[in-house]
Amino acid sequence: MSDKVFMKGCEAIAEAAVRAGCRFYAGYPITPQNEIPEYMSRRLPQVGGVFVQGESEIASVNMVYGAGAGGTRSMTSSSSVGISLKSEGISYCAGAMVPMVYANMQRGGPGVGTIQASQQDYFQATKASGNGGFKMIVLAPATVQEAVDMTYQAFDLAERDRNPVLILGDGVIGTIMEPVVLPPMKSDEEVAALKQANRKWAIVGHSRDEKRGFLSPGYWSTVMQEEHCIQLDKMYHGWEENDVQVEELYLDNAELVFVAYGTTARIAKSALELLRAEGHKVGMIRPKTVSPFPVKSFDKINYDVCKCVLDIEMSIPAQMLYDVKLAVKERGAVDTCLRSGGNLIERGDIVRKAQEILSGGVK
Amino acid sequence: MEAVYTRTNTLNGNLLGFCPGCMHGTAFKLIGEVLEELGIDNKASCILAIGCCGLAQEVLSYDLATAPHGRAAAAATGLKRSNPDTLVFTYQGDGDLASIGLAETIHAANRGENISVIFINNGIYGMTGGQMAPTTLIGMKATTAPGGRDPKIHGYPLHIAEIINQLTAPVYIERVSCNNPANVRKTKNAIKKAFQNQLDGKGYSFVEIVTSCPTNWGLSPEKSLKFLEENMMKEFPLGVLRDK
Ligand SMILES: Cc1ncc(C[n+]2csc(CCOP(=O)(O)OP(=O)(O)O)c2C)c(N)n1
Ligand code: SF4
Ligand SMILES: [Mg+2]
């Protein structure tokens, strides 16, 4: 059954998770993602799943660590400052190879910041989501439909890699209502089969003639720790080849290329359409995975005609900018168009900046 | 010749690595014997804390995962709730359970999670080299309390079993020790009861084992046994606090 419904982003993410086979969720209240735990508290018991309101984000992520360690598809979510508290647990999942999915509906920061939408956690999401230099696939939806599809996919990726996967949303994606087509509900048999497949490594008890379930976030042997890091690094490199998701628009002979993800990308796309209607050759790269970053898309830009690659983010200071610069490799100019603090970037801001650049005023 | 006593099969024979006179080894031995006697070592899963207990991770033959420092009860909650047929227990030191993980400890107990918590109270941070723990005795020296624990600065030793005994949900709370054969037997019985409660679906059980840390107490194994009996067991009296 795939049905079209009108749903709020957070609730759609929660429903997509349940349909993907998520049977354990733990979380702690924080705006703007409260609808995820609230929805899960109603929905999971209906499908034989478990919802726990943790006493903190720390407890919640560790409940998910435990549930994931038992082979159950498990999820947590939070926003910005709450994600900071989860970072040790996320690092443990990456170290002990416990699959888990989590969502960050970003708000303003640093500190407790604001409760409105921002993209202020880009570095945290893509570079250092916890100690130890691990990496994750980070999916950045721009619509509620994409949030649904990405959440559904996230559980497969997490389980394939036995690694955390992050849905990087923001206050807009979390609270906006849009029509969505929901993915098919996995049957109880399918969910049970998925869990059974994890039994070989899950810590659910093994008889003495089987290999014990042993999930270790660390080693006493430095040699073993290094070997583990090398294996993980191989996996991370594999993502760069196989798991990049990106939307590329009008890159051929573009004189200006926007780079934006998530909510910002929607606004940027609207500015692009306006500018193109006026005859301007504007293209766009929209990372759908901000990790792995779509580096190769930047090789499709014709730097002989491109006046500028414009990094558009709801973050001051700019953060994605550094990935953009690495991908441009000094072949052309890079500039920024930014808002912060929970203030949405406006289409007019982008259009004005674009016109400035196209009329010759490049930094 | 008939073997009247053998090592539990739940220890794989590799070196445990604990210091001479340390009681972590005794505790793991007892846990293993209980698992075998109940015939449940094939469905047991340990959430191991951060601390000296980690030295056992290559030695235990049953399933285990190490939780972040202090968070074992939360991890056990997630594991048990989603795998009700698995026997889930935590194994935690006093720094882990009583300091950094106090919130997780109390809330798991308060929810009445159907898990068994084994608490190794040696009154010190063993693994990190003898810093003051919430359970360090008044006057007892620690590397971060070089003049000894001073209640005016550090407060008083935390009595976790008594704190948990304030909650409604837990079904079984007992404080035991391993200072002599009789108490070792009592410890084993307490662990067995905690596991049996879980198998029976009764709910949360808490077993505090008052132990020693000869290395960081700066005492010989023999003297630390005496200190344990004369000081630790006075501050932390043994006995059943609750058995519902
Ligand atoms: C988040 C975090 N903080 C600190 C540490 C360092 N650390 C490792 S073991 C330990 C204390 C262990 O003491 P206790 O729980 O009493 O166990 P024992 O070694 O005495 O058995 C600490 C603080 C850590 N690993 N993780
Ligand atoms: S440091 Fe203390 S607790 Fe750790 S193994 Fe040695 S005696 Fe045992
Ligand atoms: Mg200790």
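Keep in mind that this is a model prediction, so the values were computed, not measured. For the numbers below, each heavy atom of this structure counts, side chains included, while hydrogens, waters and symmetry mates do not. Just so it is clear: chains get the letters A, B, ... in the order the sequence lines come, proteins before strands, and each one is counted from 1.
- Remark: B/Ser82 OG to A/Arg23 CZ distance equals 12.0 Å, nearest 0.5 Å.
- Interface residue A/Ser56: only side-chain heavy atoms are found under 4.5 Å from chain B.
- To the nearest 0.5 Å, the span separating CD1 on A/Ile58 from CD on B/Glu104 amounts to 6.5 Å.
- Atom-to-atom distance recorded for A/Met63:CE and B/Arg81:CZ is 7.5 Å, nearest 0.5 angstrom.
- Heavy-atom neighbours of A/Phe123 CZ from other residues, nucleotides or ligands within 6.0 Å: above the threshold of 12.
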(message) Under the criterion side chain to side chain contact (heavy atoms under 4.5 Å, CB included), I'd like the reasoning laid out for B/His107 against A/Val52: C-alpha separation, chi angles, the key distance, then a yes or no.
(response) CA-CA 12 Å; B/His107 284 280; A/Val52 185; over 6 Å; no
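- Looking at B/Ile47, only its side chain comes within 4.5 Å of chain A, counting heavy atoms on both sides.
- Two residues are said to be in side-chain contact when any heavy atoms from C-beta on lie closer than 4.5 Å; B/Arg111 and A/Gln53 fail this criterion.
- The shortest heavy-atom contact between A/Ser216 and B/Gln57 is OG-NE2, 3.6 Å.
- Residue B/Leu55 touches chain A through both its backbone and its side chain, counting heavy-atom pairs closer than 4.5 Å.
- Judged purely by atom type and a 3.5 angstrom limit, A/Ser207 has no side-chain atom pairing as donor or acceptor with the backbone of B/Asn42.
- Of all non-hydrogen atoms in A/Tyr65 and B/Ala65, the two that sit nearest each other are OH-CB, 4.4 Å.
- In this structure, no portion of A/Tyr25 lies under 4.5 Å from any heavy atom of chain B.
- Interface check for chain A: of the options B/Gly70, B/Ala75, B/Ala72, the most heavy-atom pairs under 4.5 Å are formed by B/Ala75.
- The most heavy-atom pairs under 4.5 Å with chain A, out of B/Gly78, B/Ala73, B/Pro68, B/Ala74, come from B/Pro68.
- Using a 4.5 Å cut-off between heavy atoms, B/Leu35 does not touch chain A at all.
- Within 6.0 Å of CD on A/Glu226 lie no more than 12 heavy atoms contributed by other residues, nucleotides or ligands.
- Note that the CG atom of B/Asp63 and the CD atom of A/Glu210 stand 8.5 Å from one another [nearest 0.5 Å].
- The shortest distance between side-chain heavy atoms of A/Ile203 and B/Leu64 does not fall below 4.5 Å.
- For A/Lys135, the NZ atom sits in a loose shell: 12 or fewer heavy atoms of surrounding residues, nucleotides or ligands are nearer than 6.0 Å.
- With a threshold of 4.5 angstrom between heavy atoms, B/Ala76 does not approach chain A through any atom at all.
- Both the backbone and the side chain of A/Ala59 come within less than 4.5 Å of a heavy atom of chain B.
- For A/Val204, the parts lying under 4.5 angstrom from a heavy atom of chain B are both the backbone and the side chain.
- Heavy atoms of other residues, nucleotides or ligands lying less than 6.0 angstrom from OH of A/Tyr28 number 12 at most.
- Comparing A/Arg208, A/Glu88, A/Lys211 by how many heavy-atom pairs each has under 4.5 Å with chain B, the most go to A/Arg208.
- With rounding to the nearest 0.5 angstrom, the NE2 atom of A/His206 is 13.0 Å from the CG atom of B/Asp41.
- The line from OG1 of B/Thr66 to OH of A/Tyr92 is 7.5 Å long, rounded to the nearest 0.5 Å.
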(message) I'd like to know whether A/Phe214 forms a side chain to side chain contact (heavy atoms under 4.5 Å, CB included) with B/Glu58, so could you lay out the CA-CA distance, the side-chain angles of the two residues, the decisive distance to 0.1 Å, and finally the verdict.
(response) CA-CA 9 Å; A/Phe214 176 49; B/Glu58 311 292 345; 4.1 Å; yes
